[in-house]
Amino acid sequence: MALYSLGTSHISLKHCELHTHDSWEIVLNVKGTGTALVGEKNYAFSPGTIMCIPPELPHMKTSENGFYDIYFHTDTLFFAMQSPSPSLQKAFPFILQDDTEQSFQSLLSIMLRLHYQAPDHEAVILSLHNAALQLLNLWAARDFIDPIVEYIQARLISSFTDPEINITSILLESGYSKDYIRRKFYREMGVTPNEYVTNLRINYAKQLLSQKKVLKLSVADVSAMCGYYDSGYFSRIFRKSTGVSPQNYVEVTVPAQRPLPDKSRLQEFGR
């Protein structure tokens, strides 16, 4: 994937004239609100709005109080390539939204900083550019998640290894009652917040246990790293979820490593 240009607008900019590009333009609005005319349709933008504008499609932006955005130009988009209707790609932009963790903004900010620091960062910038496109591809393919639920999800992910995590407090950060937001989370995610945290912990435990010998971890170590003070309780939860104990997980699920070849046998074949 080619990266043609990378830049920003300034916050005092209130109007961007109608123009086109030969390549895809990806624009992340960082600050300000307003309206973007893309083709023949107006789109509202606010902080976190991502506009993926096809080549040759006229577009402009206006904002009463000014806006600040980060943009780059690229040759193609993964999800645009997979679109069943190439003609629609040329007529309409793809409108996405950055997540509550501002993951896309973080990637673009690093790209921008490296771009102006030194020219020898080109390889890293291109890697971040590809990662940004992959992230857009992932978001374009997913079902819409309510921003409030997405916020709760992000908070749980960042805190699940804390043995003193207070799920109720995290739910109340939404500004809604715990029962309402718990029901809303369940409708969106298919599990309760408590079950979601347990699933995160068990999946992390599987990852650690699969490397148990390399990392030289005991079951008590894994238990603590996954957010459980009591390794016995952890073992019961793990067995309930997987059907096997943590002690037996590696033997049951991870294939045995093949032994290294006998060097004397290799020498017979001139290797």
Side-chain angles (χ1 to χ4, degrees), residues 1-63 66-142:
M1 299 295 173
L3 174 63
Y4 297 130
S5 65
L6 175 66
T8 67
S9 67
H10 49 84
I11 189 59
S12 61
L13 186 65
K14 296 183 178 182
H15 180 72
C16 179
E17 295 290 343
L18 191 68
H19 62 287
T20 63
H21 301 284
D22 294 334
S23 58
W24 281 87
E25 182 176 33
I26 313 302
V27 183
L28 167 67
N29 196 71
V30 179
K31 296 179 181 179
T33 60
T35 302
L37 174 65
V38 186
E40 299 179 354
K41 186 174 180 180
N42 286 314
Y43 299 87
F45 66 82
S46 59
T49 300
I50 303 168
M51 293 189 171
C52 306
I53 304 171
E56 308 300 339
L57 189 62
H59 55 282
M60 60 182 289
K61 290 178 72 173
T62 58
S63 172
F67 62 87
Y68 168 72
D69 58 30
I70 304 175
Y71 63 85
F72 66 89
H73 298 97
T74 188
D75 55 351
T76 189
L77 297 181
F78 295 121
F79 54 90
M81 292 170 57
Q82 299 167 6
S83 173
S85 178
S87 61
L88 290 179
Q89 295 177 23
K90 300 177 181 179
F92 300 101
F94 293 91
I95 309 297
L96 301 170
Q97 188 71 22
D98 202 357
D99 60 19
T100 55
E101 299 294 290
Q102 297 182 326
S103 301
F104 195 71
Q105 182 177 331
S106 297
L107 283 172
L108 266 57
S109 296
I110 297 172
M111 286 171 60
L112 196 66
R113 185 170 66 252
L114 293 177
H115 176 65
Y116 288 106
Q117 278 182 347
D120 58 356
H121 288 144
E122 181 180 358
V124 179
I125 294 172
L126 289 176
S127 295
L128 292 169
H129 160 255
N130 289 337
L133 293 181
Q134 291 281 9
L135 189 60
L136 292 180
N137 187 59
L138 177 66
W139 288 345
R142 74 181 181 183

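Because only heavy atoms are used, hydrogens play no part in the values below, and waters and symmetry mates are left out as well, while side chains stay in.
Residues that satisfy the side-chain contact (heavy atoms from CB on, under 4.5 Å) test with Asp75, not counting sequence neighbours, are Met1, Ala2, Tyr4. Residues that satisfy the side-chain contact (heavy atoms from CB on, under 4.5 Å) test with Ala132, not counting sequence neighbours, are Phe104, Leu107, Leu108. Applying the ring pair (Phe, Tyr, Trp, His ring centres under 6.0 Å) rule to Phe45 yields the partners Phe67; only residues at least two apart in sequence or on another chain are considered. Contacts of Leu126 classified as side-chain contact (heavy atoms from CB on, under 4.5 Å), with partners at least two apart in sequence or in another chain: Leu3, Glu122. Here Ser103 pairs with Asp99 under the side-chain hydrogen bond (donor to acceptor under 3.5 Å, both in side chains) rule; sequence neighbours left out. Remark: Asn42 pairs with Thr35, Leu37 by the side-chain contact (heavy atoms from CB on, under 4.5 Å) rule, at least two apart or across chains. Applying the side-chain hydrogen bond (donor to acceptor under 3.5 Å, both in side chains) rule to Thr74 yields the partners His129; only residues at least two apart in sequence or on another chain are considered. Under the rule for a side-chain hydrogen bond (donor to acceptor under 3.5 Å, both in side chains), the partners of Ser9 that lie at least two apart in sequence or sit in another chain are Asp69. Take Asp98 and apply the side-chain hydrogen bond (donor to acceptor under 3.5 Å, both in side chains) test, not counting sequence neighbours, and it matches no residue.
Note that CD of Gln117 is 10.0 Å distant from CG of Leu112, once rounded to the nearest 0.5 Å. The CE atom of Met111 lies 10.5 Å from the OG atom of Ser127; values are rounded to the nearest 0.5 Å. Going from atom OG of Ser5 over to atom CD of Glu25 covers 7.5 Å, rounded to the nearest 0.5 Å. Rounded to the nearest 0.5 angstrom, Asn29 CG and Tyr43 OH are separated by 16.0 Å. Taking CZ from Phe72 and OG from Ser23, the interatomic distance works out to 10.0 Å, rounded to the nearest 0.5 Å.
Nearest approach of Pro55 to Asp22, heavy atoms of both residues: CB-O, 3.4 Å. Taking every heavy atom of both residues into account, Pro47 and Gly32 meet most closely at CD-O, 3.4 Å. Across every non-hydrogen atom of Pro54 and Pro93, the tightest pair is CD-CA, 3.8 Å.
A heavy-atom distance below 4.5 Å is found between the side chains of Trp24 and Phe94. For the pair Ile53 and His21, the minimum side-chain heavy-atom distance is 4.5 Å or more. Within the 4.5 Å cutoff, no side-chain heavy atoms of Leu133 are placed close to those of Asn137. Within the 4.5 Å cutoff, side-chain heavy atoms of Ser46 are placed close to those of Thr33. Between Gln97 and Thr49 there is a side-chain heavy-atom pair separated by less than 4.5 Å. Between His15 and Met60 the shortest side-chain heavy-atom distance falls below 4.5 Å.
With hydrogens and angles disregarded, a donor-acceptor distance shorter than 3.5 Å links the side chain of His19 to the backbone of His59.
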Apply side chain to side chain contact (heavy atoms under 4.5 Å, CB included) to Leu128 and Leu114, showing your working.
CA-CA 10 Å; Leu128 292 169; Leu114 293 177; 4.0 Å; yes
Using the side chain to side chain contact (heavy atoms under 4.5 Å, CB included) rule, take Lys14 and Thr62 through it: C-alpha gap first, then chi angles, then the decisive distance, then the call.
CA-CA 6 Å; Lys14 296 183 178 182; Thr62 58; over 6 Å; no
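Between Cys52 and the options Val27, Ile95, Ile26, a side-chain contact (heavy atoms from CB on, under 4.5 Å) holds for only Ile26.
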